[in-house]
Amino acid sequence: MLDLQLLRNDLENVVQRLAARGFALDMRSFQELEQERKAVQIRTQELQAKRNQTSKQIGVAKSKGEDVSAIMAEVASLGDELKAAEEKLAYIQNQLDDVLMTIPNLPHESVPAGKTEADNVEVRRVGTPRHFDFAVKDHVDVGEGLKLLDFETAVKISGARFSVMKGALARLHRALAQFMLDTHTQEHGYTEVYVPYLVNADSMRGTGQFPKFQDDQFHVCADNLYLIPTAEVPVTNIVRDEIVALEDLPVKFVSHTPCFRREAGTYGKDTRGMIRQHQFDKVELVQIVHPSASYAALETLLGHAETILKKLELPYRVVNLCMGDMGFSAAKTYDIEVWLPAQNTYREISSCSNFEAFQARRMQARYRNEKNKPELVHTLNGSALAVGRTLVAILENYQNADGSVTIPAVLRPYMGNAEKLSA
RNA sequence: GGAGAGAUGGCCGAGUGGUCGAAGGCGCUCCCCUGCUAAGGGAGUAUGCGGGCUUAAACCUGCAUCGAGGGUUCGAAUCCCUCUCUCUCCGCCA
């Protein structure tokens, strides 16, 4: 949510910056609505002030035993107009709210202009894609070849976009999550948190999934709860409606959770394999920081995610998302893309964003500033990493000619020191 | 699932229809006092939104907010209804 004050005081500039990221804000209708709000609010408050004042007089007069019928008649005449004014104000404010809740965040000045993925700017490449002297298989063929990955059974149990992993592959999946958690807690100073996977609508609103992306979420109707699409939702909402002490900033959480996404509107996209699933695991980093520190925090958080890929010795690149390709709530986003030899391309494995105060304003997440006044925090998060896609990258990059897969050195302690997955 | 009790500021806690945004305490800030420390005295200290105001701060002023939403009333923290959550007891359960 953007600051209403900013929209009032600097609308033209806001409209321009939103247009740059592909969002058309109807300036005239906003102004009209805002003007009406102002007039109705002033009138409503006048009437309320009058009613309050008169009612107070009644109390005073009664306590002195005076006759109050004249004053009561006076205040009674306010009733209808006041009620109408209050209703109209509530209606207008709801409309303004609806507009406000569907406006995306303003991009930071360091975000490149552009409309699509093609306009994203590569920041760096790390590692060199391995040369294969045999025909590379994709992760589906590698996994199924080892009889450790089974999509047919997943279809029987649940349907498309689910997977079943077995044996050493299931263990490797678990090992990856453990390795990521250990790295972030032991080397990067994050506190591990275990959180609910079902959340209420307020939490979804807080991080920006609602109201705009309601259709993308799994909804448990009987209890009116939603399956989390990312740990970002429960973890960031830890500070919803809270005032964090200045000395407790930055707050750094890491959490390993499953993520559930309906993937509405992606029919036909990435239908093969584990790239795009309704359910996948992710290790998520979340930081709650002082506003002056958020851009520095974004760089270090990105570095923390990169560390995992470096330790796994997987080639990757970092891209700075252009305005048109950024998510709804983000002010700036870096994606990390891992090399997938079978696709002969880099594919997203992490997304690290600074939301500035956009989520904090929706959540009323604040800290006490140097003057002891509550002020909105800045929030950030990043995947570090998406576990399923990391597994895909290992299967493809570490595959051998005989169909086996070498286990990256850092994972072997988690795998009973095994060196390979083999049939 | 059944029965009961409760939800008030940063925290604790009083308040059952009228000058209550809310006693008192704790905490915090400032000032005074005291060689230091400890103790003491005084003042201040909720949030959101609007208006004054064309930028920011400060200030003045209005409205709203006592778990949430409705209702009764000239007037609601207080009375009524619905919901949410917490606690206690019973039942069930990994």
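Proteins get letters first, then strands, A, B, ... in listed order; numbering begins at 1 in each.
A salt bridge is absent between Arg161(A) and Glu263(A); no separation between the charged side-chain nitrogens and carboxylate oxygens falls under 4.0 Å. Look at Asp270(A) and Arg347(A) and you find a salt bridge, because one of the NZ, NE, NH1 or NH2 atoms lies within 4.0 Å of a carboxylate O, short of that distance.
Each of rA64(B), rG10(B), rC74(B) was ranked by its minimum atom distance to the side chain of Arg368(A); first place goes to rG10(B). Comparing rG51(B), rC74(B), rU19(B) against the side chain of Val60(A) picks out rU19(B) as the nearest. Of the candidate nucleotides rG75(B), rC63(B), rU47(B), rU47(B) has the atom nearest to the side chain of Arg366(A). Closest contact between the side chain of Gln45(A) and the listed nucleotides rG18(B), rU55(B), rG62(B) involves rG62(B). Among rG18(B), rG51(B), rA64(B), the nucleotide with an atom closest to any side-chain atom of Ile42(A) is rG51(B). Taking only side-chain atoms of Ala49(A), from C-beta outward, the nucleotide of rC63(B), rC49(B), rG51(B) with the closest atom is rC63(B). Candidate nucleotides rG51(B), rG18(B), rG48(B) were compared by shortest atom distance to the side chain of Gln364(A), and rG48(B) ranks first.
For the residue pair Ser353(A)/Lys332(A), the side-chain donor-acceptor check at 3.5 Å is not satisfied.
Residue Arg361(A) is classed as having no contact, given no heavy-atom separation below 4.0 Å to the nucleic acid. Counting non-hydrogen atoms under 4.0 angstrom, Gln5(A) reaches the backbone sugars and phosphates but no base.
For rC26(B), the paired nucleotide is rG10(B), the pair qualifying as Watson-Crick or G-U wobble because both relevant distances are below 3.5 Å. Pairing for rU65(B) is with rA46(B), a Watson-Crick or G-U wobble pair whose two hydrogen-bonding atom distances lie under 3.5 Å.
Under 4.0 angstrom from either OP1 or OP2 of rG75(B) there lies no side-chain N or O belonging to Asn52(A).
Between the side chain of Lys56(A) and the base of rG18(B), no donor-acceptor pair under 3.5 Å is found.
Between Met180(A) and Ala384(A), the shortest heavy-atom distance links the atoms SD-O, 3.6 Å.
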